[in-house]
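The block underneath contains the structure these notes are about, expressed in structure tokens.
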Amino acid sequence: MSRFARRITQTSEKNYGMFQKASAKSATGADLIHLELGRPCHDTPDHIKQATIKALLAGKVHYSDLQGELALRQALQKKLAEYNNIDATAGEILITNGLTQASYAAFMALLDEGDEAILLEPFYPQHVNKIEMTGAKVVLAPLDRDAGFSIRKDLIEAKITKNTRMIVLVNPCNPTGRVYSRDELQDLADLAIKHDLIIVSDEVYEQILFSGAEHISIASLPGMKERTITMFAFTKAYAMDGWRLGYLAADAALMPGLMKITMNEVTHVNTFIQDGALAAVTGPASVLQDMVDDDQKKRDLVVRRLNQMPGVTCAMPEGTIYAFPDISATGLTSQQAADALLDKANVVVEAGGFYGPLGDSHIRVCFGSQSYERIEEGMDRMAGFFNAL
């Protein structure tokens with residue numbers, strides 16, 4: 001009799017939270033406003049599409065470099081040096097099918113059964129399954145909720161054991177919207193060096209920053225390049241979520257192990273779309289800035305309106321496309337609030353508990369997923385719900 005492997009039966013269920021619940025209601029024809037799914041509402045910029053079409057029509061349809069097209073990696077080498085202050089060679093860059101595959105490769109290459117990987121809570125839940133599938137254990141270390149979900153060295157060090165292999169960082173942070181300071185990152189770097197740990201750094205929102213916030217890659221700090229796998233994607237900033245295209249930067253010593261995973265999984269990334277990625281990296285910065293400016297207007301609207309709702313308080317996100325309002329004063333749990341907003345207001349938000357118990361007094365609202373007008377309508381509906389409690 002056939003059976004599934006333990007990596008399927010003995011790991012937590014793959015879950016997309018409220019998106020799955022909303023799908024059933026969508027089938028009824030309800031006019032739902034989706035503020036739960038972390039996808040950009042913008043179309044992929046035209047110059048990126050045109051570069052891809054040109055490559056396809058030119059016959060770039062065959063196998064290519066297993067690590068990624070050299071021209072793209074060289075352009076990313078320049079970007080990493082200038083924007084991230086990471087001194088990586090083209091040989092220390094690997095093109096992946098989104099940040100999802102980059103993280104899977106990092107976990108599969110570096111974690112064994114019995115190892116422990118620390119996630120900072122509230123955490124990005126899509127990293128959990130991948131860690132579990134390696135046979136390693138997920139350990140949660142709380143951020144300091146009372147200090148705006150900041151990194152606190154003592155709270156993390158208390159979770160480090162002899163089995164700890166890595167700490168997973170998401171910066172800018174999904175779901176809280178925090179952009180970590182240099183001091184916070186240095187505290188994390190100090191722990192990694194002291195305990196000989198790897199940092200796996202998810203930086204997918206690196207270019208979605210507001211009000212002068214500065215993104216710092218932890219790999220740029222002294223002594224951290226050789227112990228950091230930094231992961232990026234074209235998904236959010238360039239509105240290329242459906243393209244499934246990302247990359248990672250890691251020390252040369254780590255690259256053979258990472259490539260052993262990706263080559264066995266997919267051989268290499270789709271050839272012709274890498275020309276689109278090259279156009280994104282080398283194209284006009286104004287295109288990206290226009291999308292970020294639009295997100296900032298929607299951020300300001302959402303935070304202002306949320307703070308006018310009874311029982312709701314919302315800090316100003318420094319980056320990402322998410323607000324993380326505190327709803328504890330309403331007396332509702334995050335799941336109760338998310339379910340009720342879906343049922344009564346036809347607005348889909350994510351329950352903060354989806355990101356761990358520390359998030360349970362919050363909901364996550366994605367302001368990047370809809371037009372300004374739909375965001376306004378969503379805020380009107382949410383205000384009606386909270387005013388009626």
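No hydrogens, no waters, no symmetry mates; every other heavy atom, side chains included, goes into these values.
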Quiz item: Is it the case that more than 12 heavy atoms not belonging to Glu113 sit under 6.0 Å from its CD atom?
Solution: no
Quiz prompt | Straight-line distance of Asp196 CG to Arg227 CZ, nearest 0.5 Å | solution = 5.0 Å
Quiz item: Passes side chain to side chain contact (heavy atoms under 4.5 Å, CB included), Arg244 versus Val269? Steps please.
Solution: CA-CA 9 Å; Arg244 309 311 307 134; Val269 169; over 6 Å; no
Self-check item: Check: Thr228 side chain, Thr230 main-chain N or O, donor-acceptor pair, under 3.5 Å
Solution: no
Practice problem: Please report the C-alpha distance between Leu209 and Glu318 in whole Å, then the side-chain angles of each, then the deciding distance to 0.1 Å, and finally whether the side chain to side chain contact (heavy atoms under 4.5 Å, CB included) criterion is met. | Solution: CA-CA 6 Å; Leu209 305 170; Glu318 300 164 311; over 6 Å; no
Quiz item: How far does CD1 of Ile95 sit from CG of Leu72, to the nearest 0.5 angstrom?
Solution: 4.0 Å
Exercise. Measure from the side-chain N and O atoms of Thr271 to the backbone N and O of Lys60, and report whether any donor-acceptor pair falls under 3.5 Å.
Key: no
Quiz item: Which residues satisfy the ring-ring contact (aromatic ring centres under 6.0 Å, His included) test with His127, sequence neighbours excluded?
Solution: Phe107, Tyr124
Exercise. Determine, step by step, whether Leu332 and Leu389 satisfy the side chain to side chain contact (heavy atoms under 4.5 Å, CB included) criterion, reporting the C-alpha distance in whole Å, the side-chain angles of both residues, the deciding distance to 0.1 Å, and the verdict.
Key: CA-CA 10 Å; Leu332 299 174; Leu389 287 178; 4.1 Å; yes
Practice problem: Quick one: pull up CZ in Arg73 and CG in Asp65 and give me the separation to the nearest 0.5 Å. | Solution: 4.5 Å
Practice problem: Not counting sequence neighbours, which residues clear salt bridge (Lys or Arg N to Asp or Glu O under 4.0 Å) with Glu157? List them please. | Solution: Lys194
Quiz item: Judged by atom type as modelled, is there a donor-acceptor pair below 3.5 Å linking the side chain of Lys236 to the main-chain atoms of Gly38?
Solution: yes
Quiz item: According to the side chain to side chain donor-acceptor pair (under 3.5 Å) rule, which pairs have a member within residues 359-369, sequence neighbours left out?
Solution: Arg145-Ser361, Arg145-His362, Asn174-Arg364, Ser334-Asp360, Tyr355-Arg364
Quiz item: Okay, side chain of Asn171, backbone of Tyr180: is any donor-acceptor separation there less than 3.5 Å?
Solution: yes
Practice problem: Verify side chain to side chain contact (heavy atoms under 4.5 Å, CB included) between Met379 and Leu35, making sure each step is shown before the conclusion. | Solution: CA-CA 10 Å; Met379 292 301 102; Leu35 305 179; 4.0 Å; yes
Quiz item: Roughly how far, to the nearest 0.5 Å, is SG of Cys314 from CG of Asn307?
Solution: 6.0 Å
Exercise. Supply the atom-to-atom distance Met166 CE to Leu110 CG, rounded to the nearest 0.5 angstrom.
Key: 5.0 Å
Quiz prompt | Carboxylate-amine/guanidinium contact Arg381 Asp31, below 4.0 Å | solution = yes
Self-check item: Members besides Met108 in its Ile/Leu/Val/Met/Phe/Trp/Tyr cluster (side-chain heavy atoms under 4.5 Å)
Solution: Tyr104, Ile261
Exercise. Please name all residues satisfying salt bridge (Lys or Arg N to Asp or Glu O under 4.0 Å) with Glu206, sequence neighbours left out, ordered by chain then number.
Key: Lys79
Quiz item: CD of Gln207 to CG of Asn84: how many Å apart, nearest 0.5 Å?
Solution: 8.0 Å
Exercise. Might you point out which heavy atoms bring Ser64 and Gln274 nearest each other, and give the distance in Å?
Key: OG-NE2, 4.0 Å
Quiz prompt | Lys/Arg-Asp/Glu bridge criterion (N-O < 4.0 Å) met for Lys298, Asp294 | solution = yes
Exercise. Tell me, please, which residues at least two apart from Tyr247 pass ring-ring contact (aromatic ring centres under 6.0 Å, His included).
Key: Phe232, Phe234
Quiz prompt | Short side-chain to backbone donor-acceptor contact, Gln67 and Ile93, under 3.5 Å | solution = yes
Quiz prompt | NZ/NE/NH1/NH2 to OD/OE distance under 4.0 Å, Lys21 and Asp339 | solution = yes
